[in-house]
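Throughout, protein chains are lettered first and strands after them, A, B, ... in sequence-line order, and every chain is numbered starting at 1. If you're wondering where the values come from, they're calculated on a predicted model, not measured in any experiment.
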There are 2 protein chains.
Amino acid sequence: MLDSKNLKPKQHRAVLAAASVFAEKGYHGASTRDIADRMGIQQGSIYYYFKSKEDALADVCLFGIEDYVSHMETTAMSDQPFESKLLATITSHLTSYRERNEALKVHNSERLYLPKKKRTRLKALGSRYRQLLEELFEQGIADGVVRPTVDAHFAAQSVIGLCNAWGDLIVRDPGLDVFDAIQKCHDLLLNGLRGRPDTD
Amino acid sequence: MLDSKNLKPKQHRAVLAAASVFAEKGYHGASTRDIADRMGIQQGSIYYYFKSKEDALADVCLFGIEDYVSHMETTAMSDQPFESKLLATITSHLTSYRERNEALKVHNSERLYLPKKKRTRLKALGSRYRQLLEELFEQGIADGVVRPTVDAHFAAQSVIGLCNAWGDLIVRDPGLDVFDAIQKCHDLLLNGLRGRPDTD
DNA sequence: GGCGAAATCTATAGAACTATAGAAAAATTG
DNA sequence: CAATTTTTCTATAGTTCTATAGATTTCGCC
């Protein structure tokens, strides 16, 4: 398996090209020719970088989620209050969508087309991410910031879902103000639509 | 164009079969043979029901979103407080995912593969839905239930995103308790994680 | 039971796609 | 610059897919 930390520059370019094409056309809608075209090489030549089209998808997905999870690991370990950690999580999630060249989007929308074998690593990373998020909410409850009736598992899925939804919008509309979206997501999750009557 | 109100039973079955296959394999990953197999007919015979594979996708998407929007229209016109309307919206959204045989999921994840021409109707319906949702939030603000600082457009996108995320989970896990998810989404959106100190 | 319409079948043309093999070119190294 | 390694190219085998045409069967109805 490929470790995105050890990518040679050319392999890195190949993963980015594949990510971009998969993000635009979907895994099945994209052809190996499309990826080759994006790299400026011939169709057959991409098999120098990927053992198969399926492996290309696996590499893109792994690249998309890998250091994204380790970033979450750092946030979770840090010594900040709940609100700051939540904000950091959302920020990491949404900025990833813009910066990581659509690989995270590919991970989220196309990874299920991989056979189970090739999803093992991805699944572990995804579970780890969700677990850290759940622990974050449990911390929030323990600290008295989050209502004790909040279901941590539900909350984690919701945050992931909300961030992915905004991530898709961000990828589709390059003019969208990411930091505005981050702040509003943070505010909505913390306070809801009604909000606490803090300012009363 | 096809109007889902006027579907003959057999055409209806065809749309459901196509929806199911597209939801499972994606538009490009699914073949006309897959759809035919699901209906128990030969590959070439599906062209009796659809002019082309692309038209099949268009029909599925339209079926998926059509009365779903008109349901929202009814909710919006009704004479209920903001909270009830929000709950009705979420309920309609999430139960659609389970009942409409995955056509709504196909609409959400595959419609962008249609050429612009065939998306005109879908786009109009989607915009209408978002607009009704925005007006709902503006009503909430006017009624003093929703904080005036809430951005109605942002809120609408967020509700749609959150519901779609849970919809995907619902489709993927048939054992999931839909009404539990509905209540928790409603609560999270209204009160956020911190919640109002109602019960203090 | 026979007629017209609806539904399905068979067979296939034509296009696109994946993956491989071996040659060729480019880059790197001693 | 010669040897070696890395990268790319050409050509193609083999498969799969969409869509069509025309034959065939099933169905509703008088």
Side-chain angles (χ1 to χ4, degrees), chain A residues 1-3 6-61 106 110-115 117-119, chain B residues 1-4 6-61 63 106 110-115 117-119:
Chain A
M1 259 308 136
L2 203 54
D3 182 352
N6 302 352
L7 287 183
K8 288 173 203 159
K10 282 252 167 177
Q11 288 199 349
H12 187 250
R13 265 193 57 225
V15 172
L16 291 186
S20 172
V21 172
F22 287 152
E24 183 185 331
K25 302 192 164 190
Y27 171 61
H28 286 112
S31 70
T32 52
R33 173 177 299 276
D34 291 327
I35 303 172
D37 284 353
R38 179 107 15 158
M39 297 179 66
I41 60 179
Q42 293 299 109
Q43 180 266 331
S45 301
I46 69 151
Y47 287 84
Y48 179 77
Y49 295 103
F50 303 113
K51 210 188 93 197
S52 66
K53 186 185 167 188
E54 196 176 85
D55 272 37
L57 176 60
D59 289 349
V60 169
C61 289
V106 174
E110 312 289 324
R111 72 173 184 282
L112 292 176
Y113 297 132
L114 289 170
K117 275 269 173 62
K118 292 187 181 172
R119 255 186 295 152
Chain B
M1 260 307 138
L2 203 53
D3 182 352
S4 65
N6 302 352
L7 286 183
K8 289 175 204 158
K10 284 252 167 177
Q11 287 199 351
H12 187 250
R13 266 193 56 227
V15 171
L16 291 186
S20 173
V21 172
F22 286 153
E24 183 185 331
K25 302 192 164 191
Y27 171 62
H28 286 113
S31 69
T32 52
R33 172 177 300 275
D34 292 327
I35 302 173
D37 283 353
R38 178 108 14 161
M39 296 179 67
I41 60 178
Q42 294 298 108
Q43 179 266 331
S45 302
I46 69 152
Y47 287 85
Y48 180 76
Y49 295 102
F50 303 113
K51 211 188 91 195
S52 66
K53 186 185 168 188
E54 197 177 83
D55 272 37
L57 176 59
D59 288 350
V60 169
C61 289
F63 175 75
V106 174
E110 311 289 325
R111 70 172 186 282
L112 291 176
Y113 297 132
L114 289 169
K117 274 269 172 64
K118 293 186 182 174
R119 255 187 295 153

Nearest to the side chain of A:I41, which nucleotide is it out of C:dA6, D:dC9, D:dT7?
D:dC9
With sequence neighbours excluded, what pairs up with B:T32 under the side chain to side chain donor-acceptor pair (under 3.5 Å) test?
B:Q43
How far does CD1 of B:I41 sit from OH of B:Y48, to the nearest 0.5 angstrom?
11.0 Å
Ignoring hydrogens and angles, tell me if any N or O in the side chain of A:D34 forms a donor-acceptor pair with the backbone of A:S31 under 3.5 Å.
yes
Residue pairs fulfilling salt bridge (Lys or Arg N to Asp or Glu O under 4.0 Å) with at least one residue in residues 36-52 of chain B, sequence neighbours excluded
B:E24-B:R38
Between atom OH in A:Y49 and atom P in C:dA19, what is the gap in whole Å?
18 Å
Rounded to whole Å, please give me the gap between CZ in B:F50 and P in D:dA19.
12 Å
Distance test, side-chain N/O of B:S45 to OP1/OP2 of C:dA7, below 4.0 Å:
no
Is the B:F22 ring parallel, tilted or perpendicular to the B:Y27 ring (thresholds 30°, 60°)?
perpendicular
Just the rounded figure in Å: distance from P of C:dT8 to CD of B:Q11.
11 Å
Nearest-Å distance for atom pair CG/C1', residues B:D55 and D:dT18
13 Å
What is the distance, rounded to the nearest whole Å, between atom CG of B:D37 and atom C1' of C:dT8?
14 Å
Take a 6.0 Å sphere around CZ of A:R119 and say whether it holds more than 12 heavy atoms from other residues, nucleotides or ligands.
yes
N/O to N/O distances under 3.5 Å, protein versus nucleotides 16-18 of chain C:
{"unit_1": "C:dT18", "atom_1": "OP1", "unit_2": "A:K53", "atom_2": "NZ", "d": "3.1"}
{"unit_1": "C:dT18", "atom_1": "OP2", "unit_2": "A:T32", "atom_2": "N", "d": "2.9"}
{"unit_1": "C:dT18", "atom_1": "OP2", "unit_2": "A:T32", "atom_2": "OG1", "d": "2.7"}

Look at A:K10 and D:dT8 and indicate whether a side-chain polar atom (N or O) is within less than 4.0 Å of OP1 or OP2.
yes
Atom OH of A:Y48 to atom P of C:dA27: distance rounded to whole Å?
13 Å
Could you tell me whether the side chain of B:K118 reaches within less than 4.5 Å of the side chain of B:D55, counting heavy atoms only?
yes
Could you state the atom-to-atom distance from CD of B:Q42 to C1' of C:dC9 in whole Å?
7 Å
Report the distance from atom CZ of B:R13 to atom P of C:dA6, rounded to the nearest whole Å.
18 Å
